[in-house]
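Single-structure report; data block below.
Just follow the structure's listing: the first ligand is 1, and inside any ligand the first atom is 1. Just so it is clear, the model here is predicted, and its values are computed rather than measured.
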Amino acid sequence: MAQIIDGKAISQAVKDEIKARTAELSAKGISACLAVILVGEDPASQVYVKNKKKACEYCGIKSLSYELPADTTEEKLLELIEELNAREDVNGILVQLPLPAGIDEDRVLDAISPDKDVDGFHPVNVGKLSIGKKGFVSCTPAGVIQLLKRSGIEISGKECVVVGRSNIVGKPMSMLLLKENGTVTVCHSRTKNLKEVTKRADILVVAIGKPKFIDASYVREGAVVIDVGIHRQEDGKLCGDVDYASVEPIASAITPVPGGVGPMTIAMLMYNLLASVDA
Ligand code: NAP
């Protein structure tokens, strides 16, 4: 039986720590404020934004909401970002992705001041992570590190295999595991003999975007398995990139979906926001 890594409980603990710290700062007259920009009416994005605002409220962080119509031009969006960059009362700016077709996502994300880039997507913050300097770190991989640490799982010296090399998950994940002194291998769609590589892992992080792709045949007995994937199945239930039923019996620890990595992403967003005011 694997240890089930409880992302719900761990994310709650992180949010409670943030709440306590924002209360201390507030008593000194220091407040934290996140500006959230949503363009268009994508239902999933609307839910994510609502949850982010709810988490802000819980943590004692002010949130400003900008809900713009789908036909908003790139120039208008860039103007709003410029305005928020200049506002001293705004500590963090988040543009909910994906943006409607016709808006250049890279141009928009690059326009956010690196000092307010609480998603950690700006090239300056990505560069800082790669050379080990302090900066904002992409929330999902930062959440994975917290899950491991707070579950008492040692990373230093371990064989860590990351499946996926996206800019928001796989790449920053590999840099963070390296920072924690793991021995890191990154796999992707061109990796040969994937199973041979994943079976070397003491810690296997899966961010591949394919439901239940990783079954027990990819996992060494006793490995720690972190499932970043999230998919809605035909029956309405959620599943990950890992075939939980097959892997759980042989893993030493595993994250469930839902209730694993997912809840950590918003908690780490709150963490990043607090870090921007609590230097
Ligand atoms: P992505 O941008 O689609 O990247 C998927 C990665 O998997 C790519 O690097 C791709 O390789 C690799 N890949 C695809 N097929 C493969 C195969 N057969 N063998 C080996 N590697 C393969 O996805 P993402 O944005 O990183 O997200 C990954 C998953 O995490 C998704 O399910 C997403 O919904 C979920 N997610 C969850 C959260 C959360 O808060 N829990 C946050 C973000 C993402 P190439 O680079 O060669 O194409």
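If you check the side chains of Ser217 and Lys195, you find a donor sitting under 3.5 Å from an acceptor. Defined by atom type and a distance below 3.5 Å, a donor-acceptor pair is missing between the side-chain atoms of Lys62 and Ser31.
Here the protein heavy atom with the shortest distance to atom 10 (C) of ligand 1 is Ser189 N, 4.2 Å. When only non-hydrogen protein atoms are considered, atom 42 (C) of ligand 1 lies nearest to Thr140 OG1, 3.3 Å. Of all protein heavy atoms, the one closest to atom 46 (O) of ligand 1 is Arg165 NE, 2.8 Å. For atom 21 (N) of ligand 1, the closest non-hydrogen atom of the protein is His188 C, 3.0 Å. The protein atom (non-hydrogen) at minimum distance from atom 37 (C) of ligand 1 is Val228 O, 3.1 Å. The closest protein non-hydrogen atom to atom 31 (C) of ligand 1 is Gly209 CA, 3.6 Å. In this structure, the protein non-hydrogen atom closest to atom 13 (N) of ligand 1 is Ile208 CG1, 3.6 Å.
Atoms of ligand 1 found under 4.0 Å from any heavy atom of Val169 (numbered from 1 in listed order, with element): 26 (O), 43 (C), 44 (C). The distance from ligand 1 to the heavy atoms of Gly229 drops below 4.0 Å at these ligand atoms: 29 (C), 30 (O), 32 (O), 35 (C). Heavy-atom contacts of Phe213 reach the following atoms of ligand 1: 18 (N) (cutoff under 4.0 Å). Ligand-side atoms of ligand 1 in range of Gly262: 41 (N), range being under 4.0 angstrom from any heavy atom. Every atom of ligand 1 is numbered from 1 in the order shown, and the set under 4.0 Å from a heavy atom of Ser166 is 2 (O), 4 (O), 9 (O), 24 (P), 25 (O), 26 (O).
Counting only heavy atoms, the protein gets under 4.0 Å from atom 24 (P) of ligand 1.
Of the heavy atoms in Thr265, only side-chain atoms (C-beta onward) come closer than 4.0 Å to ligand 1.
Heavy atoms of Thr191 come nearer than 4.0 angstrom to ligand 1 in no pair at all. Not close to ligand 1: Gly170, with no non-hydrogen atom less than 4.0 angstrom away. Ligand 1 has His231 within reach: a non-hydrogen atom of the residue lies less than 4.0 Å from it.
Using a distance-only test at 3.5 Å, with no hydrogens or angles considered, no donor-acceptor pair links the side chain of Gln96 to the main chain of Val36. Although no hydrogens or angles enter the test, the distance criterion places no donor-acceptor pair under 3.5 Å between the side chain of Asn91 and the main chain of Ser276.
Scanning both residues, Glu74 and Gly102, for their nearest heavy atoms gives OE1-O, 3.8 Å.
Considering both main-chain and side-chain atoms, Lys210 comes within under 3.5 Å of ligand 1 through a nitrogen or oxygen pair. By the 3.5 Å distance cut-off applied to N or O atoms, Ile230 is counted among the residues near ligand 1.
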TODO: Apply the test side chain to side chain contact (heavy atoms under 4.5 Å, CB included) to residues Tyr244 and Ile4: give CA-CA distance (whole Å), side-chain angles for both, the deciding distance (0.1 Å), then the verdict.
DONE: CA-CA 11 Å; Tyr244 186 89; Ile4 311 302; 3.0 Å; yes
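The line from CG of Leu129 to NZ of Lys171 is 12.0 Å long, rounded to the nearest 0.5 Å. Atom-to-atom distance recorded for Ile155:CD1 and Leu148:CG is 4.5 Å, nearest 0.5 angstrom. With rounding to the nearest 0.5 Å, the separation of CG in Leu94 from SG in Cys56 is 9.0 Å.
Within the 4.5 Å cutoff, the side chain of Ile30 has no heavy atoms near those of the Asp278 side chain. No side-chain heavy atom of Val163 sits less than 4.5 Å from a side-chain heavy atom of Asp241.
One hydrophobic cluster, built from ILVMFWY side chains closer than 4.5 Å, holds both Val90 and Ile18.
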